[in-house]
There are 2 protein chains.
Amino acid sequence: MSVNACICDRLDHPPSPYYRLAMTAAGKHQVSRAQTRGSRQGRAGIRDVAAAAGVSITTVSDALNGKGRLPDATRRHVREVADRLGYRPSAAARTLRTGKSGLIGLTVTTYGDEPFTFTEFAYFAEMARAATSAALARGYALVILPATSRHDVWSNVALDGTVVIDPSDHDPVVTELVRQGLPVVSDGRPAGTLPVTAWVDNDHEAAVLDLLDHLADAGARRIGLLTGTTTDTYTRLSTTAYLNWCERVGQDPVYEAYPAHDPCAGAVAADRLLARPDRPDAVYGLFDPNGTDLLAAARRYGLRVPDDLLLVCCSESTVYANTEPPITTLSLKPRRIGTAVVQLLIDAIEGVDTDGPVEQVIPTELIVRTSSQRRSPRTTVSPPRSPAKE
Amino acid sequence: MSVNACICDRLDHPPSPYYRLAMTAAGKHQVSRAQTRGSRQGRAGIRDVAAAAGVSITTVSDALNGKGRLPDATRRHVREVADRLGYRPSAAARTLRTGKSGLIGLTVTTYGDEPFTFTEFAYFAEMARAATSAALARGYALVILPATSRHDVWSNVALDGTVVIDPSDHDPVVTELVRQGLPVVSDGRPAGTLPVTAWVDNDHEAAVLDLLDHLADAGARRIGLLTGTTTDTYTRLSTTAYLNWCERVGQDPVYEAYPAHDPCAGAVAADRLLARPDRPDAVYGLFDPNGTDLLAAARRYGLRVPDDLLLVCCSESTVYANTEPPITTLSLKPRRIGTAVVQLLIDAIEGVDTDGPVEQVIPTELIVRTSSQRRSPRTTVSPPRSPAKE
DNA sequence: CGATCATGCAGAAACGTGTCTGTCAACGCG
DNA sequence: CGCGTTGACAGACACGTTTCTGCATGATCG
């Protein structure tokens, strides 16, 4: 007690280095308390508001949160006093009391040592943007949490739920989260028996089949695939869809796989694909940079696009609208996916009865450009400002 | 013990008001504890671990946090029991008690209604990735918080500090954060008297001057600029640097400005720039998509790159390595910026004495490719700083 | 051999909020 | 006039952790 008084007294004078040492060593705790309490610089608490407004803590809480039954006069008065004091409720205390933090995790499974995959930049960025928008429109904020991050980070943040992008089979992080009772919504249909609350995905098989049909319609006789060596769901489903299509139409599969997280390997693999003796006359690249890589490789081999080689790649980038020639792309609609994932997650968090299915399939969009149209009727110079070709 | 068992039994039945009265009246602390804790679905707390290990709460806390003075045997025992119970400390409680949440905000100033700007995707994605890596390497997680988000979101998350990307003059969010005593580190030199804790930035003027010299060295006589209509620091500094350079070398400025957040407007502006009567023979585009836009526009007007038109744009995208021709780009090194910003912020949070300056300038990198080399006898990389400065 | 000290651990006070419970006054009604 | 009812508010507890203080128990030293 006397110690407190002593230190408080000292605080009234400019603290010398000696005092600071003494403080941190001895009564650091009490001091900060006296600081925050004594209407000093520390943030004002609900008690200060109650005292300043001449009401009880309950009344302040009810007035600010719109609960209880209070006359409007009291409510307004409290609000005004709170504003005047610059009162901000402590998020930590509120979270502790209510059990809701207003935070949802955005988890990205990684393949290298980086938090998220390089080749999925455009997709991830668009998806994250949409997810962020959707989340904060409903009063939530997003926390970026790579699946391979240190464990203490995971346990140090209070999450109401998590979005998992493309979880791997039996993802330990996901199972741990579910075990804790947290809602988990995945972007990408969960493999195996991963117990997610809900998931959103494209129909990758249908998209690939559709795309291959489109190429075949354009005159392709042997369609090649540029795919990845990773085992994520997207790569796996797309590749098997390709193989199935090949079997159906009786074409020998022609594909090259490369580690998708390595940006240089893509160019090499594209080159390899076009250097094969059974060179394809059309190629679909699963990853974003494949378009320019394939275009460059085609140029090296003197192949004209689309005359000698039809080209399609999966990308969200707008650069393919202005390449020479413009390249047909498959869009996975990351904006719609990000929005849907967050909506589903928040519905689960807030206990909204999801009478609908907890699985949601977002349609893909094939943006047809010159690179996949063998004989376009006009080869004239296209008008300057036409965002959509044909 | 018998009391606990009794109440646990009763909890299996719907509790009557009488029991609840009796409980709250009689056994205050212990009873409610037994109520919430009776090894039911709720997560195990530190008390459960203490009870199961036969030690006190203090011992558990000290053992798990590596504090206090405990024999290794006790420490190991407690750890093991905690693991067995699946104990995870409550982040909210810890934050409330310690005042540190381990969360840092990643704030993006926006120009439209979207959380972050479209044209800065690649830059933002790289920067965010590096920032995320750096943060979690030091035990922190990142929260995405657009500056224009609802106020309740801001006050609902306990932040230890914030990174602000390119804050506008007198940003109300930043001043509010600083007023709360939170460390704020900005990516981009703060305009006006914005009281940030530290900032990291490129030397945009030097980068632009260097780049223009490079173009002039390659033979450019009239260099045009594709810039934005927004007033952010990057656009402003780059544009004035261009104007200053023009004045210095006695060239009439030739530039077109467009709303950078509109992806279509860029193509139109590029076209407009090349359609001018005083058509430039070299162009620098400030934004990422300008490269492909300018290339497409040049093609429409029958201009060969680099023979008739030299091209440089500011971009982090790798597609420009494989365009026809490859385009010289200016990289702002977002990875280094993201890392530096987070390091500075965490240093400030943890009170590390920053003996060094709180301002950090990251050098840019001009990646010279074919598009800016008029007549290159060979593909030697020209040194960044050309000796012929004047 | 008693005083001192280091050691190992338990008790309890906060952190700041939400909310359950209870009190006091006013009021309508028989 | 008494009594149940309702409105407006205050008191107090609990969320789960960290940490300061304090009490034992043995060991060490004067």
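Only a predicted model underlies this, so the values are computations on that prediction, with no experimental measurement involved.
Using a 4.0 Å cut-off, some side-chain N or O of A/Lys67 falls inside it from OP1 or OP2 of C/dT19. Neither OP1 nor OP2 of D/dA8 sits under 4.0 Å from any side-chain N or O of A/Thr59. Put simply, A/Arg97 has no side-chain N or O that comes within less than 4.0 Å of OP1 or OP2 on C/dG16. Between C/dG18 and A/Arg94, a contact under 4.0 Å exists linking OP1 or OP2 to a side-chain N or O. Distances shorter than 4.0 Å separate none of the side-chain N or O atoms of A/Ser90 from OP1 or OP2 on C/dG16.
You'll find a donor-acceptor pair under 3.5 Å spanning the side chain of B/Thr58 and the base of C/dG11, going by distance alone.
Rounded to whole Å, atom P of D/dC15 lies 17 Å from atom NZ of A/Lys100. Rounded to an integer number of Å, the gap from CG of A/Asn65 to P of C/dG16 is 17 Å. To the nearest angstrom, P of D/dT19 lies 15 Å from CZ of B/Arg69. Counting to the nearest Å, the P atom of C/dA13 and the CG atom of B/Leu96 are 17 Å from each other. Residue A/Arg75 contributes atom CZ, which lies 10 Å from atom P of D/dC9 at whole-angstrom precision. Computed from coordinates, the A/His77 NE2 to D/dC9 P distance equals 10 Å when rounded to whole Å. Summarising the geometry, the separation between CZ on B/Arg88 and P on D/dT17 is reported as 12 Å, rounded to the nearest angstrom. In this structure, CD1 of B/Ile46 is placed 14 Å from C1' of D/dC15, rounded to the nearest angstrom.
Taking 4.5 Å as the limit, some side-chain heavy atom of A/Thr107 sits within range of a side-chain heavy atom of A/Trp154. Annotation: side chain of B/Trp199 is not in contact with side chain of B/Val358 (no heavy-atom distance under 4.5 Å). In this structure the side chain of A/Glu80 never reaches within 4.5 angstrom of the side chain of A/Arg75, judged on heavy atoms.
Between the CG atom of B/Leu85 and the CD1 atom of B/Ile46 there is a distance of 12.0 Å, given to the nearest 0.5 Å.
Residue A/Thr74 is classed as a sugar-phosphate contact, given heavy-atom separations below 4.0 Å to backbone atoms only. Within the nucleic acid shown, A/Ile57 has no heavy atom closer than 4.0 Å to any nucleic acid atom. Note on A/Thr98: only backbone sugar-phosphate atoms sit closer than 4.0 angstrom, heavy atoms only; bases stay farther off.
Between A/Lys100 and A/Glu350 there is no salt bridge, since none of the side-chain N atoms of the basic residue sits less than 4.0 Å from a carboxylate O of the acidic one.
Nearer the 5' end of DNA chain C, as judged by each residue's closest nucleotide, is the contact made by B/Asp62, out of B/Ala93 and B/Asp62.
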